[in-house]
Amino acid sequence: MTKEQVIVTAAQMRDIEGRIFAAGMPVAALMEKVARLISDRLQAIIPQGQRVGILVGPGHNGGDALVVARELHFRGYQVWIYQPFSKLKELTSQHFQYAQSLGIPVYQEIEELPSCDFLVDGLFGFGLEREITDSIALAINHFNEWNQPIFSIDLPSGLHTDTGAVLGTAIRANHTFCLGLWKQGLLQEQALEYIGKAELIDFDIPLADIHDVLGNPPKINRITKTTALATLPLPRSPVTHKYKSGHLLLICGSRRYAGGAILTGLGARASGVGMLSIAVPESIKPLLVSHLPEALIIDCPETETGAISHLQLPGKTPLSSFTVIACGPGLTKDATPIVEQVINSEVPLILDADALNILAQLGTISTLQKRKTTTVLTPHTGEFHRLFPDIDFKDRVKAVQTAASQTGAVVLLKGARTAISNPQGVVWINPESTPALARGGSGDVLSGLMGGLLAQVANKQVNIEDVVATAAWWHSQAGILAAEERTELGVDAFTLTQYLMKVVIAI
Ligand SMILES: NC(=O)C1=CN([C@@H]2O[C@H](COP(=O)(O)OP(=O)(O)OC[C@H]3O[C@@H](n4cnc5c(N)ncnc54)[C@H](OP(=O)(O)O)[C@@H]3O)[C@@H](O)[C@H]2O)[C@@H](O)CC1
Ligand SMILES: Nc1ncnc2c1ncn2[C@@H]1O[C@H](COP(=O)(O)OP(=O)(O)O)[C@@H](O)[C@H]1O
Ligand SMILES: [K+]
């Protein structure tokens, strides 16, 4: 486990810090250490001699900011302090007194503030629990309108540390220096527009304290490159053969949505899966063959509307000959019988898109309770609401944990910060992605990729949710790489499939 992987709530962070202080580390020494690390980062980013405004709050977030003010003052920046509070915590008050004694200008009214090139936000950190109101709220709105780059210490002031909700109002930072361990709120979608670029400032929290508070391994985790690569099926065994490298069955597409089947197939192709079979309505078989010559295309009888009516496997092939089935993209709701058929099988199963809508109609929880083997559900927000209308969605992490626990499935909730939970509540959150992926068809690519990965590792000792997390990471890294080369407008779902392999080559 690395610290990059760890996610904490405010209560857990306070508990971890409490252990460090109880073991003898002086609070003032820790503040000094943290704030110097922040100052070093600021010095590396902000050109020497520039004007920096430091926003100081009443607690230790403000204390950090005051140490930064002092450091930047001595390092040759033109610093001023905005500190509008009448009462400060003891340590913060001492730093404030010393900063004043150094002649650093201090202001209490926003009307009096001189201009500056950068702002450092040390108003509130993980101690903020209630709404910001009155003059402080007005000041925050005022600073947001300045259009100067803002660097937030720990988290943008005004965000709830756990849920990322805006408590009244919040600083819109360009850059956030998260202190020690990633706060859960920084991985919640509602916080994203406030955080800017986020980085972790590691101040040497002992792993033993993290384990004592969070457990080992912890329940809620950030996907990192290291964790993702740990389940990638590389290197391949030199003596593997195509069936040993997994046999994936995709069930997808309809006359109306033929493209969804192609995109799912191309996602699966990039996974390196040994054998790929794709069941589609018979009328679109020639199209699939032309795009995926290596795949075995299974033509199925179709309904009048062009959906698969039932699965017709060649010869007497049983469903159990497949390692994994991924079912859903482009099926339409007319494919209900085939979704029921695969749910009743004992093959590990990924359900996506229309298969999820059909599952919701069948009754999510009662239907899945019958399954004896792995199921993965990959809803976006709309599909999640249809599947789980009774689950409170305010906290996406809790929502996905509840969904997984109620169904016994691994649930991946798609979005800007995709969250994955297993039935025991072990969560992975994908911390890096790109809005370039917000395009029709990019989810189909994920289904195929995930199916191919699961098929390759199905017989190994791996946790399903770890593989699902690797698929989410790989998919979004391909989006990031494609957006870097082609802009955020240039990442259509087909193009995305072409970048999947580039992610692995770049490792
Ligand atoms: N311990 C350490 O040495 C280390 C600490 N670190 C740093 O400490 C930060 C946490 O410090 P913290 O616990 O002092 O809380 P913080 O976020 O500064 O704010 C709480 C203050 O705000 C006040 N307040 C709250 N809501 C308010 C409102 N709506 N409107 C107005 N006031 C309001 C509240 O007052 P009260 O509720 O008592 O009235 C209290 O005084 C953390 O994020 C990190 O930066 C790290 O560097 C690691 C080392
Ligand atoms: N704003 C965003 N930032 C990052 N990733 C996103 C964003 N919006 C969507 N995505 C990702 O794009 C994919 C969209 O999937 P989905 O909604 O199922 O699309 P479709 O069904 O059209 O294929 C998901 O993997 C999701 O996490
Ligand atoms: K802050």
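For ligands, and for the atoms within them, numbers begin at 1 and follow the listed sequence. All residue numbers refer to positions in the sequence shown, counting from 1. Bear in mind that the values here come from a model prediction, so they are computed numbers and not experimental data. FYI, side chains are in, hydrogens and waters are out, and symmetry mates aren't considered; it's all heavy atoms of this structure.
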To which of Leu128, Asn61, Leu167 does the heavy atom nearest atom 26 (N) of ligand 1 belong? Leu128
Among Glu129, Met25, Arg130, His60, whose heavy atom sits nearest atom 28 (C) of ligand 1? Arg130
Going by the 4.0 angstrom heavy-atom rule, the piece of Glu131 near ligand 1 is backbone
I'd like to check the side chain to side chain contact (heavy atoms under 4.5 Å, CB included) partners of Ser254; sequence neighbours left out, ordered by chain and number. Arg256, Tyr257, Thr332
Protein heavy-atom contact under 4.0 Å for atom 34 (C) of ligand 1? no
Which is it for Asp64 and ligand 1 at heavy atoms under 4.0 Å: side chain, backbone, both or neither? side chain
So CG of Asp121 and CD1 of Ile150: to nearest 0.5 Å the spacing works out to 7.0 Å
Does Gly443 reach ligand 2 with a nitrogen or oxygen that is under 3.5 Å from one of the ligand's nitrogen or oxygen atoms? yes
May I have the list of side-chain donor-acceptor pairs in residues 13-27 shorter than 3.5 Å, sequence neighbours left out?
none

Member of Ile220, Val397, Ile429 meeting the side-chain contact (heavy atoms from CB on, under 4.5 Å) criterion with Leu187: Ile429
In sequence, state the C-alpha distance, the side-chain angles, and the governing distance for Tyr77 and Phe118, and then conclude on ring pair (Phe, Tyr, Trp, His ring centres under 6.0 Å). CA-CA 11 Å; Tyr77 293 87; Phe118 293 88; 8.6 Å; no
Is it the case that ligand 2 has an N or O less than 3.5 angstrom from some N or O of His380? no
So for ligand 2, is Ala416 a polar contact partner (N or O within less than 3.5 Å, distance only)? no
Of all the atoms in ligand 2, which lie at a distance below 4.0 Å from a heavy atom belonging to Ser442? 12 (O), 13 (C), 14 (C), 23 (O)
Under 4.0 Å from a heavy atom of Asp444: which atoms of ligand 2 are those, numbered in the order shown and with their elements? 23 (O)
Looking from the K ion (ligand 3), what is the angle between OG on Ser157 and O on Asp121, to the nearest 10°? 100°
What do you get for the angle at the K ion (ligand 3) between O on Ile153 and O on Leu155, to the nearest 10 degrees? 70°
Considering both backbone and side-chain atoms of Leu437, is one of its nitrogen or oxygen atoms within less than 3.5 Å of a nitrogen or oxygen in ligand 2? yes
